[in-house]
Amino acid sequence: NIQYNLPQVSDSEKLQILNNMISMAGIRKQNMLNLIKSDPDFVLTNKFPESIRSQMPLEAQALIEMKQSLEGSLEVIVVDDFDIPENSQYLFYLTSSNQKYTLFSKKLPPEFNSGMQVKVTGVNLDGQIAIDLSDPNSFTILSSPSLTNNALGEKKVLVIIEGLSDGTVPYFGTLENLRQTLFGDGFGTVPDYYKKNSYGKFTLKVDIAGPYILPLTGQDYRSAMSYGKMYASGQYNLADYSHYILLSFRSDHGGRGTGVWGMLSGKDSMVSGSSIKYPMVFIHELGHNLGLLHANSYSCINSHSDLISYRPNNYLGCTSIEYGDNFDPMGYNIYSYTPTFKIGTKKRFGWLDSTNIVNAIPGNTYLIKPSEQELGNLELSIEGNYEIEFKYPQDYDQGLKGLEPDHLGVAIRKNNNILNVHAGSDGFYPSWWYPYKLLRPGESYADVVIGLRFKVGGTSAEGALVTIESGNYHRLD
């Protein structure tokens, strides 16, 4: 019996019981807070029984986790680690009745964006909530923000620079050189990339504020950005800007590490450390701001651990690999070359329309133009959620020239994931080398589940000939 108000217990004994209970609950609280972050599923299945918690003194109840349902606005931050991709993560925050909560889940929800109104049910302790975001009973979308036209027209970007107390600018020498290299109008800069990829339909005007010395904020990225905006507001009208980038040159990185982050479907992003050198990093983070997740690949293996063609996700280890699409800026290619956005993204942003997409029918051959172009057939859309586009080394895809002999080919994506269309290795290139994700002239790829095969004929600057066939194809496994 844990009832605190026991008539046979003296006041001094009650106080001693209370102090002991509070002490033990405090120790347990710290352990549970650590577990909420490291193993939220364990917390969900080992929550303190509410029937017992409700009998405890209020002072002890405040130290014990409880199941709670909340409605509010979702905020998602994507933390990128391009050197060790498995360290990348999504951070989820909820604002409900002016209170801020952090959500911890081992699994991602099927759909998420900043600005969504959601209902969450989880285990809460001091504003830290353990939850299974993949469970529709725990995470429900009440409404979603409209993302229409968020990548059309001119948008103003404010770059807030942190550090540089001695006036030197690592990697660039001067602030003017930084401006021209990253945010000027020459080829390879962030504004030129978006202008070319959108065919002039989306342009950026960049201003630079600072440098400032901001207070230390540890891993609280949002507080760092808040300080940056506060400092910059004395120099610029923040309401004029659609996006804000915190660019940190601090040697201690403000206690925030050397990572890179961007708010999904939001306005803020931060870049620090050596990542500052690469315009591609800023292109990637702005992509998150515009609502893009990572561009992934499907990798499938058979019982002999050989790569095979795509199967359903639950079949013999077919998985979606984070950053696996090397032919899109939202994938892993940060330090090599700057590829163009895939056709699906250009269509989503309103840069292309349905006239560029062909609904392919088996038994026919189609000419698809290089994906860098604006006119003509740029993508085949095929049953089974397949999308096919042709990659040719020109304009922002000119970096493909360095990938001999696989410098041109057809990219096949299913459910928005690029496929590795070659099983194993050809004896020279290992299977992870990303030209293996392109189907080259004279090669074919078969989906044995739905009975389709895609064959690539001749390729040139004019386009690629792709034939769609139907039939029964041999399983490779």
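All values below come from the heavy atoms of this structure, side chains included, with hydrogens, waters and symmetry mates left out.
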Between Asp397 and Thr340, a side-chain donor and acceptor under 3.5 Å: yes

Asn20 versus Gln16, side-chain donor and acceptor atoms under 3.5 Å: yes

Ser297 side-chain N/O to Ile418 backbone N/O, donor-acceptor pair under 3.5 Å: no

Distance flag, aromatic centroids of Phe341 and Tyr193, threshold under 6.0 Å: yes

From NZ (Lys201) to CG (Leu352), nearest 0.5 Å: 6.5 Å

Nearest-0.5 Å distance that lies between atom CD in Glu154 and atom CZ in Phe202: 10.0 Å

Residues Tyr194 and Thr203: side-chain donor-acceptor under 3.5 angstrom: no

Pairs satisfying ring pair (Phe, Tyr, Trp, His ring centres under 6.0 Å), at least one member in residues 110-133, at least two apart: Tyr90-Phe112, Phe92-Phe112

N/O donor-acceptor pair under 3.5 Å between Asn417 side chain and Asn415 backbone: yes

Ring geometry between His284 and His288 (parallel below 30°, tilted from 30 to 60°, perpendicular above 60°): perpendicular

Salt bridge (charged side-chain N to carboxylate O under 4.0 Å, His left out) assessment of Glu379 paired with Lys347: CA-CA 10 Å; Glu379 181 183 80; Lys347 183 172 55 177; 3.6 Å; yes

More than 12 heavy atoms of other groups within 6.0 Å of Lys47 NZ: yes

Listed partners of Phe139 passing ring-ring contact (aromatic ring centres under 6.0 Å, His included), at least two apart: none

Phe249 and Tyr171 aromatic ring geometry - parallel, tilted or perpendicular at 30°/60° bounds: tilted

Side chain to side chain contact (heavy atoms under 4.5 Å, CB included) involving Ser38 - partner list, sequence neighbours excluded: Leu35

Donor + acceptor pair across side chains of Ser248, Glu162 (<3.5 Å): yes

Salt bridge (charged side-chain N to carboxylate O under 4.0 Å, His left out) assessment of Glu65 paired with Arg53: CA-CA 9 Å; Glu65 71 279 1; Arg53 178 184 178 276; over 6 Å; no

